[in-house]
Amino acid sequence: MATIAATVSTTARGVARAPVTVRLAAGFLLCVAILAAAGTWLAPYDPTAQDLMLNVSGPSGAHWLGTDQLGADVLSQVLAGTRAALLGPLVVALGTVVLGASLGILAGYRGGWIDALLNRLADLMYALPSLLVIIVLIGIVGGGYWFAVLVLTVLSLPSEIRLCRSATLAQARLPYIDAARTLGLPAGRIMARHLLPNIMPTVIATFLLDFVTALISLSGLSYLGLGAPPGTPDWGTLLASGQNLLADNPWISLAPGAMIALTATSFTLLGDWLYDRYSANGDHS
């Protein structure tokens with residue numbers, strides 16, 4: 001936890017001196033985070049309220065992005081849907097990075113049968129098309145959104161394990177690890193206090209990549225009607241609901257689509273910058 005807190009603190013200070021594109025991306029993500037926490041209260045209308053007298057109306061002074069086919073305010077749905085759109089990807093990314101990094105470091109440092117077993121499991125899971133597997137399992141089990149989050153987390157583990165394993169193998173050959181072993185430090189302490197801080201660029205980059213992948217995948221499932229429950233404001237659901245109404249009010253689809261694209265792009269820009277920054281300034285402790 002101390003390592004993560006120090007990384008976050010250092011990152012926050014570094015963003016102020018980052019290139020303009022990175023600062024814009026970070027500012028946009030800060031706004032998105034605020035919307036995820038308070039979007040329901042910031043929405044000008046109840047996102048679930050319907051008024052059939054206003055169905056599929058264009059932008060106006062009262063409804064800045066117009067209304068959908070049920071007369072619900074589009075802007076309110078986009079704002080309120082931020083939490084649902086981001087919560088699932090955040091759970092996937094956190095679950096993947098915690099489990100994948102732990103297993104990757106363990107495989108890279110310990111080697112032997114543990115490494116062989118995890119590599120074989122990763123090979124097997126790599127062969128599975130994630131989105132297709134989720135669709136098939138939801139169709140069979142009917143587990144819904146959080147079941148999809150669980151399956152996507154499991155299917156995202158191989159890449160995290162492989163990347164963290166490779167980074168650990170590179171670090172494990174360096175003198176500071178030999179010195180830690182010579183001092184008789186426990187393996188758990190070496191992995192947590194020495195290896196983890198030095199593969200943090202890989203961990204951060206894969207966390208952000210996993211988030212972007214999960215955001216697109218879960219939004220796609222919601223677009224197909226297999227994600228967020230009916231009636232729940234969600235960017236993917238909104239994107240689907242407006243596909244046949246582009247001529248009447250294109251903002252029903254354009255607004256959530258733009259939010260998905262801008263959020264994914266911002267995370268990617270920030271992830272690239274963080275990886276370059278920590279790779280250049282990495283230190284072996």
Side-chain angles (χ1 to χ4, degrees), residues 4-5 7-39 78-101 104 130-131 134 145 148-149 152-153 155-160 162-164 167 199-223 227-228 233-239 254-281:
I4 296 174
T7 302
V8 171
S9 177
T10 302
T11 300
R13 291 194 298 269
V15 167
R17 299 184 296 274
V20 174
T21 53
V22 174
R23 281 182 281 163
L24 288 174
F28 178 78
L29 292 178
L30 178 61
C31 294
V32 169
I34 293 172
L35 291 179
V78 171
L79 296 179
T82 305
R83 180 181 302 174
L86 299 188
L87 182 58
L90 180 61
V91 172
V92 171
L94 285 174
T96 302
V97 77
V98 170
L99 293 174
S130 301
L131 200 55
I134 294 171
Y145 183 78
V149 167
L152 187 58
T153 302
L155 294 177
S156 300
L157 286 176
S159 60
E160 185 78 32
R162 284 283 181 83
L163 289 169
C164 290
I199 69 164
M200 192 57 70
T202 299
V203 173
I204 292 172
T206 53
F207 169 79
L208 296 174
L209 179 62
D210 289 336
F211 184 94
V212 171
T213 302
L215 173 64
I216 295 171
S217 297
L218 292 173
S219 295
L221 288 172
S222 293
Y223 178 86
D234 179 86
W235 292 345
T237 304
L238 279 172
L239 190 62
L254 288 180
M259 290 298 290
I260 294 171
L262 289 172
T263 302
T265 302
S266 296
F267 265 105
T268 302
L269 287 171
L270 187 60
D272 287 343
W273 175 78
L274 287 173
Y275 184 81
D276 291 341
R277 173 184 171 84
Y278 285 110
S279 294
N281 298 327

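We count residues from 1, following the sequence as given.
Across all their heavy atoms, A255 and V78 have their closest contact at CB-CG2, 3.9 Å. When all heavy atoms of V92 and T153 are compared, the closest pair comes out as CA-OG1, 3.5 Å. Taking all atoms of both residues into account, the shortest heavy-atom contact from A167 to I199 is CB-CG2, 3.7 Å. Across all non-hydrogen atoms, the minimal contact from L152 to S217 is CD2-CB, 4.0 Å. What you find for L157 and G100 is that their closest heavy atoms are CD2-N, 3.6 Å. In terms of heavy atoms, G236 sits closest to I260 at N-CD1, 4.4 Å.
Using modelled atom types and a 3.5 Å distance limit, the side chains of D234 and S222 yield a donor-acceptor pair.
For the pair E160/S156, no side-chain contact is recorded, criterion being any heavy-atom separation below 4.5 Å from C-beta on. Taking the side chain as every heavy atom from C-beta outward, L86 and W235 approach each other to under 4.5 Å. Considering only heavy atoms from C-beta on, Y145 comes within 4.5 Å of L218 through its side chain. Side chains of L238 and P233 form no contact here, defined as non-hydrogen atoms less than 4.5 Å apart. Using a 4.5 Å heavy-atom cutoff, the side chains of L90 and F207 are in contact.
L24 CG to L262 CG: the interatomic distance, rounded to the nearest 0.5 Å, is 11.0 Å. Separation of atoms OG1 (T206) and CG (L163) is listed at 6.5 Å; rounding is to 0.5 Å. Note: L94 CG to L99 CG = 10.5 Å, rounded to the nearest 0.5 Å.
Side-chain N or O atoms of S266 include none that pairs as donor or acceptor with a backbone N or O of T263 at under 3.5 Å. Side-chain N or O atoms of T82 include one that pairs as donor or acceptor with a backbone N or O of L79 at under 3.5 Å. Checked by atom type and distance alone, the side chain of R83 never pairs as donor or acceptor with a backbone atom of L35 at under 3.5 Å.
With respect to T213, the side chain to side chain contact (heavy atoms under 4.5 Å, CB included) criterion is satisfied by exactly one of I216, L215, L209: L209.
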